[in-house]
Amino acid sequence: MIAKTKSFRRRPIAIGNWKMHMTLAEATAAARQLSELLGDARLVEIVIAPTYTALQAVGEVLKGTGILLAAQNVHWDDQGAYTGEVSPIQLKDAGCRVVLIGHSERRTIFGETDEMVRRKLIAALREGLSAVVCVGETLEQRRTGQTAAVVRAQLEKGLADATNGLFDRLLIAYEPIWAIGTGQVATAAQISEVHALIRQHLAKILGPDSAEAIRVIYGGSVTPGNIADLAAIKDLDGVLVGGASLKPDGFAAIVKTLEKARTGPH
Ligand code: 13P
């Protein structure tokens, strides 16, 4: 029998993670600028993750623009005595469509484990949110040849409840910890190698068709200056941008370059 080949292309995505930056006034002004700069971008899916206190206000500004609102974290229960936490239902209520899960800053600074990632992922997907699960190795782990094992373990545990039905809203972000906020972007070879192993793992747990459909993106010192090289990497479906997303014109330039690469010949 001839194997079925899928010829569809995954829609590229650019996510701006504003982390713990910007006041309400700054966040809404940046969102306004972004909607002016990117309101007509259709080929690239655009997502902005402001700090919790600005979610609703930024969501109001983005309404009707096609730019989606994301949260940077989520709890796994719908409600309860969890001081300082926010549930998936509350995020949806505030206008979120997407959530980041297991960002390395959550893991390394706040002790988030793969088990928490697993619970958060299932909860977010169950509530209808799209979830961006972040994985990546430290510099020491890379230097000692553990990158593949570390990323595989994060996926194995974090996606342990994977079932095809729920996982059509899953994205994976490969964010090597040594590349985050350091100005040291991973090379094309490093990114390709890890993206390939991520897709292999997805194929193993969800089957080849789902693995082919899920977007795998890169994060770590992405800037308007290096996005053209990144966009040329085969099997890179988009970027998760920290520092460079704080400037609307810089983030817009990143989106436009991704868009151009998509309309190009490769
Ligand atoms: P930088 O783009 O500042 O390196 O941050 C990457 C990141 O952590 C995005 O989630």
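Numbering of ligands and ligand atoms starts at 1, following listing order.
Looking at Asn17 against ligand 1, only its side chain comes within 4.0 Å, counting heavy atoms.
Atoms of ligand 1 found under 4.0 Å from any heavy atom of Leu240 (numbered from 1 in listed order, with element): 9 (C), 10 (O). In summary, the atoms of ligand 1 found under 4.0 Å from a heavy atom of Glu175, numbered by their order in the structure, are 6 (C), 7 (C), 8 (O), 9 (C), 10 (O). For ligand 1 and Gly181, the ligand atoms under 4.0 Å from any heavy atom of the residue are 1 (P), 3 (O), 4 (O). For ligand 1, the atoms lying closer than 4.0 Å to a non-hydrogen atom of Gly243 are 1 (P), 2 (O), 3 (O).
The backbone N or O of Ile214 sits less than 3.5 Å from a side-chain atom of Arg199, completing a donor-acceptor pair.
Within a 6.0 Å sphere centred on CZ of Arg142, other residues, nucleotides and ligands contribute more than 12 heavy atoms. Heavy-atom contacts from other residues, nucleotides or ligands closer than 6.0 Å to CZ of Arg11 number more than 12.
For atom 5 (O) of ligand 1, the nearest non-hydrogen atom of the protein is Lys19 NZ, 3.3 Å. At the top of the distance list for atom 10 (O) of ligand 1, counting protein heavy atoms only, stands His103 NE2, 2.8 Å.
Using a 30° and 60° split on the angle between ring planes, His75 and Tyr82 fall in the tilted class, from 30° to 60°.
Using 4.0 Å as the threshold, Gly220 has a heavy atom nearer than that to some atom of ligand 1. Remark: distances from the non-hydrogen atoms of Ser221 to ligand 1 include one below 4.0 Å. Residue contacts with ligand 1 include Ala179, since one or more of its heavy atoms lies under 4.0 Å from the ligand.
Thr138 and Glu140 share no side-chain donor-acceptor pair at under 3.5 Å.
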- Query: Are Arg10 and Glu212 close enough, and set up right, to give a salt bridge (Lys or Arg N to Asp or Glu O under 4.0 Å), and what steps lead you there?
  - Reply: CA-CA 8 Å; Arg10 295 175 291 265; Glu212 192 57 29; 3.3 Å; yes
- Task: Applying salt bridge (Lys or Arg N to Asp or Glu O under 4.0 Å), run through Glu112 and Arg107 and close with a yes or a no.
- Result: CA-CA 4 Å; Glu112 201 161 300; Arg107 294 175 186 261; over 6 Å; no
- Kindly determine whether Glu60 and Lys63 satisfy salt bridge (Lys or Arg N to Asp or Glu O under 4.0 Å), including the steps that lead there. CA-CA 5 Å; Glu60 286 299 321; Lys63 233 176 227 163; 3.1 Å; yes
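For ligand 1, one of its N or O atoms has an N or O atom of Gly242 under 3.5 Å away.
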